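Owing to the predicted nature of the structure, the values given are computational and were not obtained by experimental measurement. Sequence positions, counted from 1, serve as the residue numbers for this chain.
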Amino acid sequence: KLIEQVRRNSANLNPLTPILLHSGQIEAEFMAKYRKEIDDALIKPSPPELIEQKVTYWAGRKHAPMTRAHRLGSSSRV
């Protein structure tokens with residue numbers, strides 16, 4: 001729900017914020033549904049150096065701008 005809130009809610013102030021997923025268990029169905037919504041994913045355990053590298057990389061970037069359909073809550077991107 002957090003990913004949907006950030007990406008699809010037109011009232012959200014951070015739709016271009018990069019989303020990095022860090023989990024010990026990522027299901028294929030989840031990745032299929034949200035692959036265009038998240039910017040990067042790490043599987044636990046991840047070395048601290050890799051986490052730092054990913055955060056540093058994405059801190060200087062922004063997610064691709066949302067389309068009109070995306071702002072209206074369409075699931076056409078997923």
Side-chain angles (χ1 to χ4, degrees):
K1 294 201 179 238
L2 178 62
I3 294 171
E4 292 175 4
Q5 180 69 20
V6 170
R7 294 289 189 241
R8 298 181 184 161
N9 184 350
S10 62
N12 186 348
L13 299 177
N14 296 308
L16 302 180
T17 299
I19 295 177
L20 290 91
L21 180 63
H22 190 225
S23 176
Q25 181 178 0
I26 302 175
E27 297 179 6
E29 296 83 19
F30 179 89
M31 288 303 291
K33 182 175 181 180
Y34 292 105
R35 71 180 179 270
K36 293 183 181 180
E37 308 290 338
I38 65 170
D39 295 290
D40 212 334
L42 294 164
I43 304 295
K44 289 182 182 180
S46 300
E49 298 81 16
L50 180 58
I51 298 168
E52 180 181 5
Q53 178 185 17
K54 296 285 187 175
V55 170
T56 301
Y57 173 78
W58 286 107
R61 299 181 56 92
K62 292 184 178 178
H63 187 75
M66 296 180 353
T67 65
R68 181 176 182 277
H70 190 246
R71 284 191 305 274
L72 297 174
S74 169
S75 61
S76 62
R77 289 188 64 201
V78 179

With rounding to the nearest 0.5 angstrom, report the CG to OH distance, D40 to Y57.
8.5 Å
Candidate pair L21 and Y34, rule side chain to side chain contact (heavy atoms under 4.5 Å, CB included), full reasoning:
CA-CA 11 Å; L21 180 63; Y34 292 105; over 6 Å; no
Pairing residues for I43 by the side chain to side chain contact (heavy atoms under 4.5 Å, CB included) criterion, not counting sequence neighbours:
I26
Name all residues meeting the side chain to side chain contact (heavy atoms under 4.5 Å, CB included) criterion together with S46; count only those two or more places apart in sequence or in a different chain, and write none if there are none.
H22, L42, I51
Heavy-atom check, side chain of K33 versus side chain of E4, under 4.5 Å
yes
L20 and L50: same hydrophobic cluster, using ILVMFWY side-chain contacts below 4.5 Å?
no
Identify the two heavy atoms, one from E37 and one from I19, that lie closest to each other, and give their separation to 0.1 Å.
O-CD1, 4.1 Å
Which atom of W58 lies closest to which atom of D39, heavy atoms considered:
CZ2-O, 3.3 Å
